[in-house]
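One-based numbering, in listed order, for ligands and for the atoms of each. From a predicted model like this one, the values you see are computed outputs, not experimental measurements.
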Amino acid sequence: MRYILEKLYLKNSITREELLYLLDNLEEKYRNELYRLAYNTTLKTYGNRIFVRGLLEFTNYCRNNCKYCGLRRGNTKVERYRLSREEIFESLEEGNKLGYKTFVLQGGEDPYYTDEILADIIKDIKTRYKDVAVTLSIGERSRESYEKLYNAGADRFLLRHETATKEMYDSLHEGMSLEHRIECLNNLKEIGYQVGAGFIVGLPGETNEALADNLLFLKRLEPAMVGIGPFISHPDTPLWGFKNGSVETTLTMISLTRLLLPNALIPATTALNTLSSEGLEKGILAGANVVMLNLSPIEARRKYELYKGKEITDIHQLKKIEERARKVNFKVDMGRGDHINYKERIKNV
Ligand code: 5AD
Ligand code: SF4
């Protein structure tokens, strides 16, 4: 175990066999050691800074039917909404006043928002707010669509792979495929986006093999950002009643991701904060260095229910975030927080 931990820390690599051994034998003292090595790695790459993002959930319509998600099209109980262009800018203006430099536009897969509508909004954001990064989180689209939105000024794209185990992926995502998901991720990368992947911890049927699949997939893909959160059961989905994912396993996955991809931007996710009152602090101590704060209009928040009891931290609660980060010796950084390799590329051109 010591050898594996040392190799992770010094070489940022691990074989499948070593990873399975580690996951099967991770006693508490080793787990704590793993957190510590991951935290030290963040200090070496980005320093003791937590980057903040403003998250705008602009539509909760979705054409997909992911079994775990409260926004799935099969859920007829959810009140659907779409924000107008004006509502979107009203919210972003708030964030801009507070000094946010990254806006994440997130939504279900909603065909109402055509490339034209989105490109127009993105261009407008980039001209109104200088030096702001635009992150999209709007699911699977064609390569042409991704290109148009990139050319309109979008900088980053979040598309979690959700699970890298084919059988699990297929049984959770009716009408979708892991191959297509990966094709989308590769397209996004090739186009030039800073890409975010990631997975849900504790989905029904998950094994250590599945966790290993996820981590090794991330190591191969080398995304700029990785979102990892525990599964939280939602009453109006087919997965209601299944056990929630574990906070401890989520933290372990964050640490392993930090060690395998030292330069990744890793959020302490909303789902982690929902299951643990100290999710942010624990996340940072395990290797996270990003937090996404909500800037959606109040009425929209309640309706954007991916899972039950979603813990919302608002863009106005920066003070609280600062205090919590201070407890683990971190400071809030209001900069764009680009991925280190991309920053170097920007400098080189
Ligand atoms: N529990 C945890 N995470 C979920 N997501 C969707 N539904 C759930 C759930 N019930 C995650 C998915 C998606 C992200 C926006 O939210 O990973 O990519
Ligand atoms: Fe739609 Fe995303 Fe929910 Fe799947 S996880 S149903 S794609 S909003």
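Checked against the 6.0 Å centroid criterion, the rings of Tyr68 and His173 qualify as a close aromatic pair.
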I'd like to know whether Lys310 forms a salt bridge (Lys or Arg N to Asp or Glu O under 4.0 Å) with Glu305, so could you lay out the CA-CA distance, the side-chain angles of the two residues, the decisive distance to 0.1 Å, and finally the verdict.
CA-CA 7 Å; Lys310 198 173 109 183; Glu305 199 182 50; over 6 Å; no

Test ring-ring contact (aromatic ring centres under 6.0 Å, His included) on Tyr112 and Tyr61; report intermediate values, then the result.
CA-CA 9 Å; Tyr112 170 87; Tyr61 280 85; 8.3 Å; no

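If you number the atoms of ligand 2 from 1 as listed, the ones under 4.0 Å from a heavy atom of Arg72 come out as 6 (S). In the vicinity of Tyr68, heavy-atom distances shorter than 4.0 Å reach the ligand 1 atoms 6 (C), 7 (N), 8 (C), 9 (C), 10 (N). Atoms of ligand 1 lying under 4.0 Å from any heavy atom of Pro230, numbered from 1 in the order shown and given with element: 1 (N), 2 (C).
Remark: side-chain polar atoms of Lys67 are paired, donor with acceptor, to backbone N or O of Ser171 under 3.5 angstrom.
Metal site remark for atom 4 (Fe) of ligand 2: Cys69 contributes no N, O or S atom at a distance under 2.8 Å. Here Cys62 fails the criterion, with no N, O or S atom under 2.8 Å of atom 3 (Fe) of ligand 2.
For atom 4 (Fe) of ligand 2, the closest heavy atom belonging to the protein is Cys66 SG, 2.3 Å. In terms of protein heavy-atom proximity, atom 16 (O) of ligand 1 is nearest to Leu306 CD1, 3.7 Å. Protein heavy atom nearest atom 13 (C) of ligand 1, with residue, atom name and distance: Glu162 OE2, 3.5 Å.
Remark: Leu136 CG to Arg141 CZ distance equals 8.5 Å, nearest 0.5 Å. Between atom CZ of residue Phe157 and atom OG1 of residue Thr135 there is a gap of 10.5 Å, rounded to the nearest 0.5 Å.
Considering backbone and side-chain atoms alike, Ile232 places an N or O below 3.5 Å from some N or O of ligand 1. For ligand 1, one of its N or O atoms has an N or O atom of Arg160 under 3.5 Å away.
Contact annotation: for Ile200 versus ligand 1, heavy atoms closer than 4.0 Å belong to the side chain alone. Both the backbone and the side chain of Cys69 come within 4.0 Å of ligand 1, judged by heavy-atom distances.
Using a 4.5 Å heavy-atom threshold, the side chains of Arg156 and Met225 count as touching.
The cluster map of Ile, Leu, Val, Met, Phe, Trp and Tyr, joined by side-chain heavy atoms under 4.5 Å apart, puts Leu256 and Ile200 in different clusters. The hydrophobic clustering, which links ILVMFWY residues whose side-chain heavy atoms are closer than 4.5 Å, places Ile138 and Met176 together.
The pair Arg73-Glu174 meets the salt-bridge criterion, with a side-chain N (NZ, NE, NH1 or NH2) lying under 4.0 Å from an Asp/Glu carboxylate O.
Between Phe242, Phe199, Tyr304, Tyr307, it is Tyr307 that holds the heavy atom closest to atom 4 (C) of ligand 1.
Residue Glu109 places every heavy atom at 4.0 Å or more from ligand 2.
Proximity of atom 2 (Fe) of ligand 2 to the protein is not indicated, since no non-hydrogen protein atom lies closer than 4.0 angstrom.
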